[in-house]
Asker: 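Pasting a structure below so you can have a look.
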There are 2 protein chains.
Amino acid sequence: MVVLELSDHDVNRIFRALADATRRDIVRRTLVADVSVSQLADSYEMTFAAVQKHVAVLEDARLVTKEPRGRERMVRGNPERIRQAQLLLDQFEAIWRSRIGRLDDLLAADATTHPET
Amino acid sequence: MVVLELSDHDVNRIFRALADATRRDIVRRTLVADVSVSQLADSYEMTFAAVQKHVAVLEDARLVTKEPRGRERMVRGNPERIRQAQLLLDQFEAIWRSRIGRLDDLLAADATTHPET
DNA sequence: GTATCGTACAACCAAATGGTTGTACTAGAA
DNA sequence: TTCTAGTACAACCATTTGGTTGTACGATAC
């Protein structure tokens with residue numbers, strides 16, 4: 001299994017990119033089907049340039065890729081990167097569960113030492 | 001099952017809070033054990049006030065809680081919130097998987113319609 | 001009591017963010 | 001060819017972010 005190898009900076013950009021509702025919507029839409037930047041821009045109450053910037057942030061975080069098709073740029077969601085973000089959160093959960101495990105051990109040890117309680 | 005009910009703004013704050021290496025480290029440490037703000041501050045190359053602000057960002061996102069203990073404030077990681085963030089990413093993955101499912105259906109239908117290919 | 005430890009919070013600053021308008025270039029349509 | 005659709009990118013602006021210093025205040029230690 002390939003261990004997740006992301007720098008702090010990479011992780012920062014992934015979560016930063018997901019911290020905006022418009023960008024999350026772009027990711028959802030481009031996971032479902034390829035969409036051009038102008039098609040995306042039509043959907044939101046902001047200028048084309050603003051949407052372009054959001055796509056750039058997502059591209060920088062590698063949450064989407066852009067591919068030229070004719071005069072358009074098709075945006076495609078990157079499920080692999082979503083997977084990596086999930087693994088990052090899984091690590092937090094694992095840390096927490098290991099704490100619970102250790103607490104259980106302590107309780108078990110305590111029950112053995114003081115069975116009268 | 002209780003459906004995840006988070007506003008866009010809530011989600012923004014959760015991901016925004018996770019988009020900083022110091023804050024992610026604070027979450028990890030406070031998931032393992034309760035730590036006071038000053039103990040946290042000792043660990044990082046920044047002032048106490050800066051760490052205090054990071055904790056405030058995490059608290060605002062409900063990724064940690066703060067509880068007074070004597071003159072200290074103990075910071076505690078909130079695994080429930082991590083769980084909610086995981087569910088959010090799961091939703092993205094589900095969207096992607098449903099696309100794959102539909103593509104499979106199309107291929108199957110195509111194979112049926114044009115079995116000679 | 002007084003000293004000090006841990007915290008809260010305001011004010012300030014530089015840099016990043018999220019938006020705008022305007023200009024320019026390229027590919028396809030007429 | 002000319003027109004237009006789609007994009008790229010620079011410049012600008014207001015707000016937010018991430019840090020600082022300084023002041024104040026309650027809880028504990030002496």
Side-chain angles (χ1 to χ4, degrees), chain A residues 7-30 33-77 85, chain B residues 7-30 33-77 85:
Chain A
S7 71
D8 275 351
H9 196 229
D10 288 336
V11 179
N12 291 352
R13 288 188 298 193
I14 292 172
F15 284 126
R16 191 78 193 68
L18 291 173
D20 180 279
T22 302
R23 288 197 291 260
R24 285 192 300 274
D25 196 63
I26 292 175
V27 171
R28 279 185 222 105
R29 288 185 57 188
T30 57
D34 292 7
V35 187
S36 73
V37 180
S38 55
Q39 283 176 318
L40 287 172
D42 288 341
S43 313
Y44 307 108
E45 295 283 320
M46 65 186 76
T47 61
F48 176 85
V51 174
Q52 221 179 5
K53 280 195 183 183
H54 281 307
V55 172
V57 170
L58 290 168
E59 204 183 1
D60 193 52
R62 300 188 195 283
L63 282 161
V64 305
T65 55
K66 246 188 323 185
E67 192 189 359
R69 181 131 86 217
R71 61 180 156 187
E72 291 174 301
R73 297 293 185 278
M74 305 308 287
V75 183
R76 176 174 313 184
Chain B
S7 70
D8 275 350
H9 196 229
D10 289 335
V11 179
N12 290 352
R13 288 188 299 190
I14 292 172
F15 284 126
R16 192 80 191 67
L18 291 173
D20 180 279
T22 301
R23 288 196 292 260
R24 285 193 300 275
D25 197 63
I26 291 175
V27 170
R28 277 185 223 105
R29 288 187 56 188
T30 58
D34 292 7
V35 187
S36 73
V37 181
S38 55
Q39 282 176 318
L40 288 172
D42 288 340
S43 313
Y44 307 109
E45 295 283 319
M46 65 187 76
T47 61
F48 176 87
V51 174
Q52 220 179 6
K53 280 195 184 183
H54 282 307
V55 171
V57 170
L58 290 168
E59 203 182 3
D60 194 52
R62 299 189 196 283
L63 282 162
V64 305
T65 56
K66 246 188 324 185
E67 192 190 357
R69 181 131 86 218
R71 63 180 156 187
E72 291 173 300
R73 297 293 186 277
M74 305 309 287
V75 183
R76 176 174 315 184

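Note on naming: letters A, B, ... go to the chains in the order of the sequence lines (proteins, then strands), and numbering restarts at 1 for each one.
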Asker: Rounded to whole angstrom units, what separation is found between the CZ atom of B/F48 and the C1' atom of C/dT7?
Answerer: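 These atoms are roughly 5 Å apart.
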Asker: Provide, to the nearest angstrom, the distance between the CZ atom belonging to A/R69 and the P atom belonging to D/dT7.
Answerer: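 After rounding, the reported distance stands at 12 Å.
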Asker: Examine distances only and state if a side-chain atom of B/R24 and a backbone atom of B/L18 form a donor-acceptor pair shorter than 3.5 Å.
Answerer: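 Yes, the answer is positive, given that a donor and an acceptor are paired below the 3.5 Å cut-off.
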Asker: Think A/S36 has a side-chain N or O under 4.0 angstrom from the OP1 or OP2 of D/dG6?
Answerer: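 No, because none of the side-chain N or O atoms of A/S36 sits under 4.0 Å from OP1 or OP2 of D/dG6.
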Asker: May I have the distance from B/D34 (atom CG) to C/dG6 (atom P), rounded to whole angstrom?
Answerer: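 Interatomic distance, CG of B/D34 to P of C/dG6: 17 Å.
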Asker: In whole Å, what is the span from the CZ atom of A/R13 to the C1' atom of C/dA16?
Answerer: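 Taking atom C1' of C/dA16 as the reference, CZ of A/R13 is at 14 Å.
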Asker: Has B/R16 got a side-chain atom pairing as donor or acceptor with A/A19's backbone, closer than 3.5 angstrom?
Answerer: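 No, the answer is negative, given that no donor and acceptor are paired below the 3.5 Å cut-off.
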Asker: Are there more than 12 heavy atoms of other residues, nucleotides or ligands under 6.0 Å from atom CZ of B/R62?
Answerer: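 It does not: B/R62 CZ has 12 such atoms or fewer within range.
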Asker: Expressed as a whole number of angstroms, how long is the span from A/H9:NE2 to C/dA16:C1'?
Answerer: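 Computing the A/H9:NE2 to C/dA16:C1' distance gives 11 Å.
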Asker: Within the structure, does a side-chain N or O atom of A/S38 lie under 4.0 Å from either OP1 or OP2 of D/dA5?
Answerer: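 The answer is no; no side-chain N or O of A/S38 sits under 4.0 Å from OP1 or OP2.
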Asker: Looking only at the side chains, is there a donor atom on one of A/S7 and A/D10 sitting less than 3.5 Å from an acceptor on the other?
Answerer: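 Yes, A/D10 and A/S7 have a side-chain donor paired with an acceptor closer than 3.5 Å.
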Asker: Start at the 5' end of DNA chain D and walk down; is the nucleotide closest to A/R16 or to A/R73 reached first?
Answerer: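 Looking at DNA chain D, the more 5' nearest nucleotide goes with A/R73.
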Asker: Check this one for me: any side-chain N or O of A/Q52 less than 4.0 Å away from OP1 or OP2 of D/dT7?
Answerer: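 For D/dT7, neither OP1 nor OP2 has a side-chain N or O of A/Q52 closer than 4.0 Å.
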Asker: Could you tell me if the side chain of B/D25 sits less than 4.5 Å from the side chain of B/R29, heavy atoms only?
Answerer: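 Yes, side chains in contact.
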Asker: Report the distance from atom NZ of A/K53 to atom C1' of D/dG6, rounded to the nearest whole Å.
Answerer: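 These atoms are roughly 18 Å apart.
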Asker: How many whole angstroms separate atom CG of B/D20 from atom C1' of C/dT17?
Answerer: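 Atom CG in B/D20 sits about 15 Å away from atom C1' in C/dT17.
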Asker: Report the residue (A/A49 or A/R71) whose heavy-atom-nearest nucleotide on DNA chain C is the more 5′ of the two.
Answerer: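 The 5'-side residue here is A/A49.
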Asker: What's the closest nucleotide to the A/H54 side chain, out of D/dT21, C/dG19, D/dG18?
Answerer: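 Closest nucleotide to the A/H54 side chain: C/dG19.
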Asker: Would you mind reading off the distance between B/M46 atom CE and C/dC13 atom C1', rounded to a whole angstrom?
Answerer: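 Spelled out: CE on B/M46 to C1' on C/dC13 is 17 Å.
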